[in-house]
Amino acid sequence: MISSVLRYNDDRAPNKRRRRRFDREYIQQITKEALIRKKANSFAHLLTQCNALDPDPQESSSSSYDPYFLDDPELKTGKNRTVISLACYMGSVIQYTRPSDLKRELNEHFRSRHPTIDPSITLSKIRKVKTDLLAISEELDLEISTAALAYAYFEKLILKGSWKGKESNPLSTEANTSYVTKENRKMIACVCLLLAYKVNEPKRSSGEFATLMKYMTKHMEVSAKDIKENEFHVFSLLEFNLYLPRQEFLPHFEQILYRQDYLNVQEYLGEDEFYSVITQPRKTTE
């Protein structure tokens, strides 16, 4: 004979399940266990005062970033030129060079001047990315200063890396640390423009962000998902400092301005200016 015993279940019976007491000691215990399971990265050392909006540019920042250091606007011609120097006249004759040869020569000159930058990043790639950023800004009618800030963020991230060569020891503390490479340069540039958009543009509707993502995807061929996933990482690499001193972004601002139809800075800014625009003397490099 086969038999079975079933537990009697009365819906009217009170629920006798013990409830865990959420006292102070228990809460402290589960909080401690959660911290042990997941170690968080602290960024407290980056949250320091930078005085980016200080009116005195000499004391506003200790940054060594030079807007002319990486992409020298005067670096447009190669070595194939003849300088004519007379008593009251000096000029130069530039021989015709095929665009491909000029591009190669400028990239080689750039590499010799910046040996610590990842060799996959060339001058032509940097200028192409900046041209695409400007095209996006112009199509969306963004502020010129927004594109200038994106330029500065992008160049800072390139200079932040350090290239020690192919034979560097991967276990060494001085191994290659390139944050911007040939593969991710467009994605990093899009994040820079997004951060500049958020910090510099007037308050807009939520649909404007979707439009910005659409144009960046169109010009840069980068997915919106990759941009959003890397936004905080790039933000931390910039040390959470998006308000740059004037001397770090005004040179980019002026270069963009003169490429457009404005005669001077005052014509674009009008009478009401957030900054008093003073043309900074250009640093000469050997």
Any side-chain heavy-atom pair from Val199 and Tyr153 closer than 4.5 angstrom?
-> yes

Would Ile126 and Ile121 count as a side-chain contact (heavy atoms from CB on, under 4.5 Å) if you check the C-alpha gap in whole Å, the side-chain angles of each, and the deciding distance to 0.1 Å?
-> CA-CA 7 Å; Ile126 294 174; Ile121 296 297; 3.7 Å; yes

Value rounded to 0.5 Å, distance of CD1 in Ile136 from OG1 in Thr211 | 12.5 Å

Less than 4.5 Å apart, any side-chain heavy atom of Leu134 and any of Arg259?
-> yes

Taking Glu155 as the fixed residue, which of Lys130, Lys160, Arg185 is the one that meets the salt bridge (Lys or Arg N to Asp or Glu O under 4.0 Å) rule?
-> Lys130

Are side-chain N/O atoms of Thr146 and Asn200 paired as donor and acceptor at under 3.5 Å?
-> yes

Would you check if Leu142 and Tyr197 make a side-chain contact, meaning some heavy-atom pair closer than 4.5 Å?
-> yes

Would you indicate whether the side-chain heavy atoms of Leu212 and Leu193 approach each other to under 4.5 Å?
-> yes

Distance col, row Glu231:CD vs Cys192:SG, nearest 0.5 angstrom, shows 11.0 Å

Please assess Met220 against Leu133 for the test side-chain contact (heavy atoms from CB on, under 4.5 Å), listing each intermediate value before the final yes or no.
-> CA-CA 9 Å; Met220 296 292 204; Leu133 292 179; 3.6 Å; yes

Quick one: pull up OG in Ser178 and CD in Glu183 and give me the separation to the nearest 0.5 Å.
-> 10.5 Å

Return the orientation label for the His252 and Tyr151 ring planes: parallel under 30°, perpendicular over 60°, tilted otherwise.
-> perpendicular

Closest contact, heavy atoms only, Ile227 versus Cys190 = CD1-CB, 3.7 Å

Distance in Å, Asp226 CG paired with Met216 CE, rounded so as to fall on 0.5 Å steps | 11.5 Å

Taking it one step at a time, do Tyr68 and Gln255 satisfy side-chain contact (heavy atoms from CB on, under 4.5 Å)?
-> CA-CA 11 Å; Tyr68 297 110; Gln255 291 176 29; 3.6 Å; yes

Step by step, work out the side-chain contact (heavy atoms from CB on, under 4.5 Å) result for Leu238 and Leu157.
-> CA-CA 7 Å; Leu238 292 171; Leu157 293 174; 3.8 Å; yes

Should Ile158 and His114 count as side-chain neighbours, where that means a heavy-atom distance under 4.5 Å?
-> no

Within-4.5 Å side-chain heavy-atom neighbours: Phe249 and Pro67 | no

Classify the angle between the aromatic ring planes of Phe232 and Phe235 as parallel (below 30°), tilted (30 to 60°) or perpendicular (above 60°).
-> perpendicular

Once you round to the nearest 0.5 Å, how far does CD of Glu201 lie from CZ of Phe209?
-> 9.5 Å

How close do Phe69 and Arg113 get, heavy atom to heavy atom, and via which atoms?
-> O-NH2, 4.3 Å

May I ask you to test the Phe110-Asp72 pair for a side-chain heavy-atom distance under 4.5 Å?
-> no

CD1-OH distance between Ile188 and Tyr179, expressed to the nearest 0.5 angstrom = 11.0 Å

Which of these passes side-chain contact (heavy atoms from CB on, under 4.5 Å) with Asn107: Lys103, Arg104, Arg111?
-> Lys103

Residues Leu244 and Glu248: closest non-hydrogen pair is CD2-OE1, 3.7 Å

Does some side-chain heavy atom of Met213 sit less than 4.5 Å from a side-chain heavy atom of Leu194?
-> yes

Between Thr181 and Asn184, the two heavy atoms sitting closest are N-OD1, 2.7 Å

For the student: nearest non-hydrogen atoms of Ala196 and Leu149, plus distance = CB-CB, 3.9 Å

For Arg127 and Leu106, work out which heavy atoms get closest and say how close.
-> NH1-CD1, 4.4 Å

Glu221 CD: over 12 foreign heavy atoms closer than 6.0 Å = no

